[in-house]
J.: 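This is the structure I have questions about; it appears just below.
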Amino acid sequence: MTSTPFKLTRRGFTAVGALAAGGILVPSASARPRITFPRLAQDTPKAGGTMIYGLSTDPSNFEPHVSTGAASTSVKLMCYSTLLTYNADNELIGDLAEEFGWIDDTTYQLKIREGVTFHDGSSLTVDDVIFSLERIRNPDTAATNASYFNEVTDIKAGDGNTVNLTFNRPFAAFSFILANTNSYILSQAWIESGVDPKVEMMGTGPFIFKERVPGVSITLEKNPNYFLEGLPYLDGITYQPMPDDTTRMTALRSGSVDFADYVPYTQMDIITNDPNLTFASDSISGFGWVGFNHEMDPVSDVNVRLAFAHGMNRETMVTTAFAGHGAPITGGLIPEGMLGYAPDLEGTFAGDYEKAKSLLDTAGHNPLDIDMVSTSTYSVIQRPAEAAQAELENAGINAKLELQEWLTFRQTVLDGTFPTHSWGTAIDYGDPDFLWNYMHSTGNMAKQFRFNNPDMDALLEQGRFETDEALRDEIYQEVQVKAAEVVPWVYSIRRTQGEAMQNFVMGYTHLPSWNPITMREIWLDK
Amino acid sequence: MATVATTSPLAAGSKAAPRQRSQFATVIRKPRVAIPLVVLITLTLVSLFAPLIAPYDYTKMMAQPLLSPGRDHLLGTDDYGRDVLSRLIFAGRVSLGVSIGSVALAAVCGITLGLIAGYFRGWPEFLIMRGMDLLLSFPTIVLAIAMVAFLGPSIRNLIIIIGVIYTPRFVRVVYGSALVLGDADFVNAARVLGASNTRILTTAVLPNVMAPIFVQVSLSLGFAILVESGLSFLGLGAQPPTPSWGNMISSARPFMEMYPHLLIFPSIVIGLTILMLNTLGDGLRDELDPRLRGSR
Amino acid sequence: MIQFITRRMITLVGQVLLVATIVFLMLRLVPGDPARSVLGETASEEQIATMRHKLGIDRPVWEQYVDWLGNAVRGDLGTSIISGRDISSDIASRFGNSAELIVISVVLSLIIAIPLGTIAALKRNQFIDVALSSIAMLGLSLPGFVVGTVLVLLFGLKWRILPQSRFVEFGDDPMAHIKLLILPSITLAIGNAAVILRMMRSSMLEVLRQDYVRTARAKGLNEARVVRAHTLRNAINPVVSLVGLEVATLLGGMVIVEQIFNWPGLSTLLMSGVISRDYPVVQGVVLVIAIVTIIVNVIVDITYALLDPRIRLT
């Protein structure tokens, strides 16, 4: 019943120990992804105080079932709750659900916690849970997680405050979907009263939504009736949108904000060297890639795609793109610690320019001049694109880069007018099934890549509908071996992503799933 | 309509004497003209012959990133480990090209439209001036994103876009002066003598509106260098790894605190260019203006 | 005068209608789908289609146009596709903030630039003129984001005099509000002052060489009086024209300054609207900016006539 998506290795804990002792994390382009934590809270938490949170993006809206980016998640998750969530060790635990899991191959059961109340005082019922799940499933909602409910045939109340979901086939990764921050549980009565959930929030979370002034602030106050005894410790959180990176980091360093999300890589050294600040990050989830339009020549030729894969020294790319704040991906995309991690693949794509050139020769395209599109809107995408461009040049691939503004770029990739693109995002959830989106012919990304490989489809389907963990581990290793052969896309580097806070901000843990749930445990030691 | 008097109406009284060829030769020898001219020509030549002059390949990420100025890399290296000096040398191509190209376009369109509106009045005036109001009403970002959608992103189109954005400024400046001059005695005299409108505009009106145009040109040239990088996020302007002075400054911003050299060197070059352009503008105006020469 | 204003106001209606139409059509031809920006990265094509329908952007363009224009005329600019908020009220509050910042920074730059420009012209080619012109060039060559960032690092971090705090309305806390206003207005004023100084110097020189000024000087009038009585009034016209242009441009063009100083203004709203293809927001903001720009131009033209009686408004 319990799954441990990213089990911390002994190495991980040692790192934490060292960090707690030294207080400063020296970044390096180490070959392995790292999880770093702020120092472990030793003291007993103190209640009280309001935390000022410097937010990197003013949330576009609060719609609970449609993703509006990481910044707004840190607001929404404090007002709403999910059925499952993560503990500080990144293990799945129940939240609104006390117990959860598969009771047979096609039935997933949730036992809903009793005595939970919404911020308006009404009680959470099984009907609210069913309503929320149905809302996600309803195509009119256009929910981010809707497609993961495709195999669900029925959602019904069971005995003893339970909800049963019936599936066509088992879906091993389903728990992760319920723990995802776009799977909030809402009050049916509240939604049906005609409120606009884009503008207001009302849930069962640790904080109550008070007020929003666009571009200025979002104010949350402590929920005194939160279902977890003693939490939250803070009296409230005030979010201040500070879209300018320098301004946000300056505000943190000068003490006008207590906590700031998204530390740009240019400031990571400054922040880690500041004795008053703590940086909490991972170099696992965020990753970049060079993608293809498989229907276009010459990248329809697997040799050309392989040349791209071999033609980049990822180690160098981490240095040039992020000054070492990241990690190279030389094997499979599944990180160490996750089911399906393939240790044997490590080092497959170490940057072999000669091999890349001979592959181009085989394809009859040496040297290769090719157009590549990327976006200027996010530096975490633009920088790896420029680093990749420089690396590929060594391998005889002259990529002419065109930077477009975000939505134009999205449209361009969708229309498939460029043979290659450079993009980046994050691992969606802690199960290898996340690869479906990129490599299964029905996946949204795979469709944009025009990638379609029946063998790959079969493997991914096998993995998704298999229940035996050991078998799944093998299947996903095989998926990655296959990916190294047919090259649906070329993943390049992982980037460090994290938050920074004053030393007196205690109790927060950065999770590699980027789920900010541990914010509810924050207390101020001052 | 109101007149936009950039030169005082009394200025119209002075004669726009036909200039002798030798005058330019004299003017060019004046240090106030000669020095900026030499500096600007040098900058242009350096840009043109960049491949011969630059010590390194401006695209190569060869050295350690963010090196301070030193022996191997005179001006240090940037955040990708590229030689700053080489990039600065190459950057002049885009920056000077875009800046001169777009301002020339804006000046030609602006002067033509402004003269027509101010001289002929009536319908041309209404259409042109209210049209310029319209153009000014669209925020730059909206205009730019729309024009990228129609024209596609490229340096040539960037020149067109900046040119269009700056045209109303020139129109307004020229229009005001032309309005006043259209009624001036010497212009009427020329009409009586049967001179064609084109001839009157180019020989009598235009020379008298050159002063404010000079200021406008020298101000706009500087702005255009910065606007180039401001619009590069739309795919306009120099695309990586091509450098421009503007994009060197904007990419230096996150490193400002720890590596100020990334910001300082391109700023100096832009500052010098703008200073020289303005000095040249001032110098030429002063030296070429018959009234002013008399007053000194 | 009244006739002139009436005529220009009638023209204004036509111009604004034209702007509204152009911006409406333009936006729909720009690539990028609002539905995609609402839904994020992993949305499927079916979800996009559903969202397009929900947002009403799958209807014929002319139908959307008529609806929007009809409401806009009644002062209802609709609700934002992305945030679900009422656009008219968001624009109203942000317009106030923008206008405040622009007016203060422009006044500040006039206070700096007019006397300095005059001095530079009077002391032409002397040390003070060269020094002032060089400083102005420096101001011109430093983009706002550099000046702004330097100010934030110095005042916010190093000296901690003006920390990056949360925006407060003047009514809620006047002192805090004024403190917030200082750095962004200085940032904007530096660039503007440089431009105005250049224009002031040039037009002052132009006037100084006129016959009547020479006559006044020849009559032995005190220099300060000559400047005050005869030249300033005549020299200021191009400056007025320039200020008009700056005000219009700043309203939608100071995103970076607004972001660096967390100033909730119109430019940021416009920018986020453009980036997310929030059609009604962009249409609304452009409409407001167009009206203000055209009115500013009318005011500029009237100012000419007030400053120079020889100019007739027709």
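The shown structure was predicted, so the numbers you read here are calculated from the model rather than taken from an experiment. By convention in this document, chain letters (A, B, ...) are assigned in the order of the sequence lines, proteins followed by strands, and residues within each chain are numbered from 1.
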J.: Side chain, backbone, both or neither: which part of B:I225 has a non-hydrogen atom closer than 4.5 Å to chain C?
T.: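 Neither part.
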J.: Please list, chain by chain and in numerical order, all residues satisfying side-chain hydrogen bond (donor to acceptor under 3.5 Å, both in side chains) with B:T140, sequence neighbours excluded.
T.: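 Testing B:T140 for side-chain hydrogen bond (donor to acceptor under 3.5 Å, both in side chains), a comparison that skips the adjacent residues, returns none.
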J.: Should C:K158 and B:E257 count as an ion pair when the cut-off is N to O under 4.0 Å?
T.: no
J.: Can you find a heavy atom in the side chain of B:I249 that is under 4.5 Å from one in the side chain of C:F145?
T.: yes
J.: Sort C:L29 into side chain, backbone, both or neither according to what part of it lies under 4.5 angstrom from a heavy atom of chain B.
T.: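 The answer is both parts of C:L29.
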J.: Answer with side chain, backbone, both or neither: which region of C:V23 has an atom nearer than 4.5 Å to a non-hydrogen atom of chain B?
T.: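 Answer is both: backbone and side chain atoms of C:V23 are under 4.5 Å from chain B.
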J.: Looking at B:L277, B:L275, B:V148, B:L272, which makes the most heavy-atom pairs under 4.5 Å with chain C?
T.: B:L275
J.: Step through the shown structure and confirm whether more than 12 heavy atoms of other residues, nucleotides or ligands are within 6.0 Å of CD1 on C:I295.
T.: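 Yes.
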J.: Please classify the contact of C:I275 with chain B as side chain, backbone, both or neither, using a heavy-atom distance under 4.5 Å.
T.: side chain
J.: Output, in order, the C-alpha distance, side-chain angles, deciding distance and verdict of side chain to side chain contact (heavy atoms under 4.5 Å, CB included) for C:L242 and B:R172.
T.: CA-CA 10 Å; C:L242 203 64; B:R172 282 218 142 229; over 6 Å; no
J.: Nearest 0.5 Å, what's the CZ-CD1 distance between B:F138 and C:I22?
T.: 4.5 Å
J.: What do the steps show when you test C:S133 against B:N278 for side chain to side chain contact (heavy atoms under 4.5 Å, CB included), and what is the final call?
T.: CA-CA 9 Å; C:S133 293; B:N278 279 269; over 6 Å; no
J.: Indicate yes or no: at least one non-hydrogen side-chain atom of B:F150 is less than 4.5 angstrom from one of C:V30.
T.: no
J.: Could you check if a side-chain atom of C:N297 sits within less than 4.5 angstrom of a side-chain atom of B:M132, using non-hydrogen atoms only?
T.: no
J.: Do C:V286 and B:P139 have side chains that get closer than 4.5 Å, going by heavy atoms?
T.: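 Of all side-chain heavy-atom pairs linking B:P139 with C:V286, at least one is under 4.5 Å.
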J.: Where on C:R28 is there a heavy atom nearer than 4.5 Å to chain B: the side chain, the backbone, both, or neither?
T.: neither
J.: Decide side chain to side chain donor-acceptor pair (under 3.5 Å) for C:T11 and B:R130; before the verdict, give the C-alpha distance in whole Å, the side-chain angles of both, and the deciding distance to 0.1 Å.
T.: CA-CA 8 Å; C:T11 322; B:R130 300 293 76 83; over 6 Å; no
J.: Side chain, backbone, both or neither: which part of C:S141 has a non-hydrogen atom closer than 4.5 Å to chain B?
T.: both
J.: Side-chain contact test, heavy atoms from C-beta onward, threshold under 4.5 Å: evaluate it for B:D133 versus C:R8 and give yes or no.
T.: yes
J.: Is it the side chain or the backbone of C:V146 that comes within 4.5 Å of chain B heavy atoms, both, or neither?
T.: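 Both the backbone and the side chain of C:V146 come within 4.5 Å of chain B.
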J.: If you define the side chain from C-beta out and look only at heavy atoms, does anything of B:T279 sit under 4.5 Å from C:M137?
T.: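 Side chain of B:T279 against side chain of C:M137, heavy atoms only: no contact under 4.5 Å found.
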J.: Does any heavy atom of chain B fall under 4.5 Å from the side chain of C:V240, the backbone, both, or neither of them?
T.: neither
J.: Heavy-atom distances under 4.5 Å only: say whether B:I274 touches chain C with side chain, backbone, both or neither.
T.: both
J.: Please round to the nearest 0.5 Å and tell me the distance separating atom CD1 of C:I196 and atom CG of B:L219.
T.: 11.0 Å
J.: Checking C:L287 against chain B: side chain, backbone, both or neither under 4.5 Å from a heavy atom?
T.: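 Nothing of C:L287, per the 4.5 Å heavy-atom cut-off to chain B.
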J.: Which atoms of C:T249 come close to chain B, meaning under 4.5 Å heavy atom to heavy atom: side chain ones, backbone ones, both, or neither?
T.: side chain
J.: Could you have a look at B:G222, B:S250, B:G281, B:G131 and say which one has the most heavy-atom pairs with chain C under 4.5 angstrom?
T.: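 Result: the option with the highest number of such pairs is B:S250.
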J.: Could you check which of B:S137, B:P168, B:A146 has the highest count of heavy-atom pairs closer than 4.5 Å to chain C?
T.: B:S137
J.: With a 4.5 angstrom heavy-atom cut-off, could you sort out which part of C:L153 is near chain B: side chain, backbone, both or neither?
T.: side chain
J.: What part of C:L270 is in contact with chain B, defined as an atom under 4.5 angstrom from a non-hydrogen atom: side chain, backbone, both or neither?
T.: side chain
